[in-house]
Amino acid sequence: TTKRSAKDYIFGKLIGDGCYSTVFLAKDIHTGKEYAIKVCEKHHIIRKKKREYIKREKDALNMLFNVPHGFVKLYCTFQDEERLYFVLSYAKNGELLSYINKVGSFELNVAKHYAAELLWALEKMHAQRIIHRDLKPENILLDENMHLCIADFGTAKILNSKEISSSPKNNENDNSQNERSRKISFVGTPQYVSPELLHDCVDTRASDLWALGCIIYQMISGLPPFRAATEFLIFQKILKMDYEFPEGFPADAKDLVEKLLVLDHSKRIGADDKGETYHSIRNHPFFEGVDWDKLWEQTPPKIS
Ligand SMILES: NC(=O)Nc1ccc2c(c1)=C(Cc1cc(-c3cccc(C(=O)NCCN4CCCCC4)c3)c[nH]1)C(=O)N=2
């Protein structure tokens with residue numbers, strides 16, 4: 001196919017806005033297909049020294065292109081004088097956050113289903129040594145069939161192969177899953193950022209497991225576990241593990257969240273799991289009854 005350019009698309013409504021990018025709904029004039037086109041201003045990226053983040057997003061999305069479920073796809077990229085364009089999947093039903101806000105909080109079966117789809121996607125991402133580092137309900141989208149797809153890999157980290165033995169998560173030495181960042185590389189969104197990203201600037205898959213714990217808590221209660229008036233106060237609460245469960249929070253869900261929201265990332269449930277499956281998390285009572293092989297084939301439970 002010939003290289004696309006902005007002229008090949010009809011740009012529609014704005015469907016996403018970040019500090020380094022704007023996302024538009026767009027239609028390919030040749031095929032009529034709808035895409036989400038993420039546009040980045042070159043001068044802004046250069047001025048803010050974010051070129052590395054752009055490259056990481058492209059590399060991570062390319063590595064995940066053939067994973068059949070769970071991620072937005074990057075179909076092509078192009079540029080003009082001022083901008084970079086990423087042509088991505090359009091997830092028609094938008095952000096998971098909008099649904100949590102719309103209904104207040106999810107019924108247990110709905111929260112369990114989306115937690116299972118999210119875990120399945122984390123397994124595939126981590127198996128390719130990709131850490132998202134900014135998982136949150138705004139970055140978790142729902143496609144036209146209401147299946148989950150993770151977006152926004154601008155904050156991703158691709159662990160170096162030198163640290164990974166043949167079986168990605170099986171390294172013995174204690175530094176295997178972490179890449180000690182030479183400098184503070186990145187900190188995610190306050191409510192979901194893990195203690196190690198805050199405190200030790202360590203990049204580990206377990207940081208995404210911390211975010212999973214925060215997202216399960218939020219789907220069931222309606223709000224993230226660590227809340228405060230300022231970012232600094234949120235960070236303080238995280239490092240002090242200052243959070244509590246609302247009355248009536250289901251026991252199995254509470255137990256799993258408590259096993260994910262552990263300060264020491266090496267002691268989080270799943271951190272020691274062998275192979276490319278988080279067996280200890282899949283086998284937790286919270287996921288009782290999930291058919292992992294039919295997860296993406298079945299129609300997700302209705303959010304109401
Ligand atoms: N930072 C990023 O990389 N961001 C991205 C990347 C890819 C991408 C992306 C963001 C997308 C964002 C998106 C946003 C939306 C959207 C925006 C505004 C409204 C709606 C919408 O009304 N959806 C219908 C369902 N809602 C549910 C909640 C109550 C109202 C009705 C969807 C659909 N998809 C997308 O489809 N694909």
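Read the numbers this way: they start at 1 and go in the same order the structure lists the ligands and their atoms.
With ligand atoms numbered from 1 in the order given, ligand 1 contributes 1 (N), 2 (C), 3 (O) to contacts under 4.0 Å with heavy atoms of Lys38. If you number the atoms of ligand 1 from 1 as listed, the ones under 4.0 Å from a heavy atom of Lys92 come out as 23 (N), 32 (C), 33 (C).
Within the 4.0 Å cut-off (strictly below), no protein heavy atom is located near atom 22 (O) of ligand 1. Per-atom contact check: atom 31 (C) of ligand 1 does not touch the protein, criterion being a heavy-atom distance below 4.0 Å. Within 4.0 Å of atom 8 (C) of ligand 1, at least one protein heavy atom is present.
Looking at Asn139 against ligand 1, nothing comes within 4.0 Å, counting heavy atoms. Of the heavy atoms in Val23, only side-chain atoms (C-beta onward) come closer than 4.0 Å to ligand 1.
From the protein, the heavy atom lying nearest to atom 16 (C) of ligand 1 is Gly94 CA, 4.0 Å. Of the protein's heavy atoms, Ser89 O, 2.8 Å lies nearest to atom 37 (N) of ligand 1. Shortest contact from atom 18 (C) of ligand 1 to any protein heavy atom: Lys13 NZ, 4.1 Å. Here the heavy atom of the protein found nearest to atom 12 (C) of ligand 1 is Ile15 O, 3.7 Å. Atom 11 (C) of ligand 1 has its closest protein heavy atom at Leu141 CD1, 3.5 Å. Considering only non-hydrogen protein atoms, atom 28 (C) of ligand 1 sits nearest to Ser98 CB, 3.5 Å. For atom 26 (N) of ligand 1, the closest non-hydrogen atom on the protein side is Tyr99 OH, 4.0 Å. Closest to atom 24 (C) of ligand 1 among all protein heavy atoms lies Asn93 OD1, 3.8 Å.
Although no hydrogens or angles enter the test, the distance criterion places a donor-acceptor pair under 3.5 Å between the side chain of Arg129 and the main chain of Leu159. Checked by atom type and distance alone, the side chain of His265 never pairs as donor or acceptor with a backbone atom of Val202 at under 3.5 Å. No donor-acceptor distance shorter than 3.5 angstrom exists from the side chain of Asp255 to the backbone of Ala251, with no hydrogens or angles considered.
A ring-centre distance under 6.0 Å is found for Tyr75 and Tyr35.
Lys136 and Gln191 are not linked by any side-chain donor-acceptor pair at a separation below 3.5 angstrom, with hydrogens and angles left out of the test. In the model, Thr204 has no side-chain atom that pairs as donor or acceptor with a side-chain atom of Glu196 under 3.5 Å. Between the side chains of Asp80 and Tyr85, at least one donor-acceptor pair of N or O atoms lies under 3.5 Å. At a cut-off of 3.5 Å, with distance as the only test, a side-chain donor of Glu117 or His147 sits close to an acceptor on the other residue.
Within a 6.0 Å sphere centred on CZ of Phe65, heavy atoms belonging to other residues, nucleotides or ligands number more than 12.
Between atom 35 (C) of ligand 1 and the options Ala91, Gly16, Ser21, the minimum heavy-atom separation is to Ala91. Remark: among candidates Lys102, Glu144, Glu138, Met146, the nearest residue to atom 29 (C) of ligand 1 is Lys102, based on non-hydrogen atoms.
Taking the ring pair (Phe, Tyr, Trp, His ring centres under 6.0 Å) definition, one finds that His284 meets it with nothing, sequence neighbours left out.
Trp120 carries Lys124 over the face of its six-membered ring, with the cationic atom under 6.0 Å from the centre and within 45° of the normal.
An N or O contact shorter than 3.5 Å links Asp152 to ligand 1 by distance.
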